[in-house]
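The block underneath contains the structure these notes are about, expressed in structure tokens.
Since the model is a prediction, treat every value here as computed from it, not as a measurement. Every heavy atom of this structure was used, including side-chain atoms; hydrogens, water molecules and symmetry mates were not.
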Amino acid sequence: QVQLVQSGGGLVHTGGSLSLSCVASGSIFSLYAWGWYRQNPGKERELVASIPPDGSTHYADSVKGRFTISRDDDKSTVTLQMSSLNPEDTAVYYCNQGGWDGASYYALDYWGQGTQVTVSK
């Protein structure tokens, strides 16, 4: 059974940095694309970053230049490094095991437990 366990997150002031990690088990990590989503109450879950098996990185416009996604296939870990954070980045962040169709990421059924990121003014 696939399990995704997240760590990191928390409270930071505007302009600060945080890192999120997601360790996967129960699947062949290197075969999949991995994504980070975020969600606020009453809003749809938003894909902020993804990384297909080839290691290329893809970002939502809202985080481009500030967030960095990376993967370590040997450690079955995907990481999201976030910098220059602002209050609009406040959300619950989720990692996801997904696929890549050559042009875009698509989510599969496995999600991390969610991690709160709060950016104060």
> Would Asp89 and Met82 satisfy side chain to side chain contact (heavy atoms under 4.5 Å, CB included), going step by step from the backbone distance to the final call?
Replying inline: CA-CA 9 Å; Asp89 296 315; Met82 305 178 289; over 6 Å; no

>> Using the rule given for side chain to side chain contact (heavy atoms under 4.5 Å, CB included), can you reason through Thr14 versus Leu85, listing the C-alpha separation, both sets of side-chain angles and the distance that settles it, and then say yes or no?
In response: CA-CA 5 Å; Thr14 295; Leu85 287 161; over 6 Å; no

Grab the two heavy atoms, one from [X] and one from [Y], that are nearest each other, plus how far apart they are.
{"X": "Val63", "Y": "Val48", "value": "CG2-O, 3.4 Å"}
{"X": "Ser84", "Y": "Ser17", "value": "N-OG, 4.4 Å"}
{"X": "Pro52", "Y": "Ala33", "value": "CA-CB, 3.7 Å"}
{"X": "Leu47", "Y": "Ala60", "value": "O-CB, 3.6 Å"}
{"X": "Ala49", "Y": "Tyr59", "value": "CB-CD2, 3.7 Å"}
{"X": "Asp73", "Y": "Ser30", "value": "OD2-CB, 3.4 Å"}

Is the side chain of [X] donor-acceptor paired with the backbone N or O of [Y] at a distance under 3.5 Å, no angle test?
{"X": "Gln6", "Y": "Gly114", "answer": "yes"}
{"X": "Tyr105", "Y": "Ile51", "answer": "no"}
{"X": "Thr90", "Y": "Val119", "answer": "yes"}
{"X": "Asp72", "Y": "Lys75", "answer": "yes"}
{"X": "Arg71", "Y": "Ser76", "answer": "no"}
{"X": "Ser83", "Y": "Arg66", "answer": "yes"}

When rounded to the nearest 0.5 angstrom, what is the spacing between [atom1] in [X] and [atom2] in [Y]?
{"X": "Leu20", "Y": "Thr79", "atom1": "CG", "atom2": "OG1", "value": "8.5 Å"}
{"X": "Gln97", "Y": "Phe29", "atom1": "CD", "atom2": "CZ", "value": "9.0 Å"}
{"X": "Ser19", "Y": "Gln81", "atom1": "OG", "atom2": "CD", "value": "4.5 Å"}
{"X": "Ser7", "Y": "Gln113", "atom1": "OG", "atom2": "CD", "value": "8.0 Å"}
{"X": "Leu4", "Y": "Ser25", "atom1": "CG", "atom2": "OG", "value": "7.5 Å"}
{"X": "Trp34", "Y": "Ser50", "atom1": "CH2", "atom2": "OG", "value": "13.0 Å"}

> Regarding Tyr93 and Arg38, is there a side-chain donor-to-acceptor distance under 3.5 Å anywhere?
Replying inline: yes

> Is there a donor-acceptor contact under 3.5 Å linking the side chains of Ser120 and His13?
Replying inline: yes

Single-linkage hydrophobic cluster [X]~[Y], side-chain heavy atoms < 4.5 angstrom:
{"X": "Tyr110", "Y": "Val5", "value": "no"}
{"X": "Ile28", "Y": "Val23", "value": "no"}
{"X": "Leu18", "Y": "Val92", "value": "no"}
{"X": "Tyr106", "Y": "Val78", "value": "yes"}

>> Check this for me: Asp109, atom CG, are more than 12 non-hydrogen atoms of other residues, nucleotides or ligands nearer than 6.0 Å?
In response: no

>> Between Trp100 and Tyr32, is the ring centroid distance below 6.0 Å?
In response: no

> Do Tyr37 and Asn96 pass the side chain to side chain contact (heavy atoms under 4.5 Å, CB included) test, and can you show the C-alpha distance, the side-chain angles, and the key distance before you say yes or no?
Replying inline: CA-CA 8 Å; Tyr37 287 75; Asn96 172 260; 4.0 Å; yes

> Are Trp111 and Arg45 close enough, and set up right, to give a side chain to side chain contact (heavy atoms under 4.5 Å, CB included), and what steps lead you there?
Replying inline: CA-CA 12 Å; Trp111 297 87; Arg45 201 167 286 190; 3.2 Å; yes

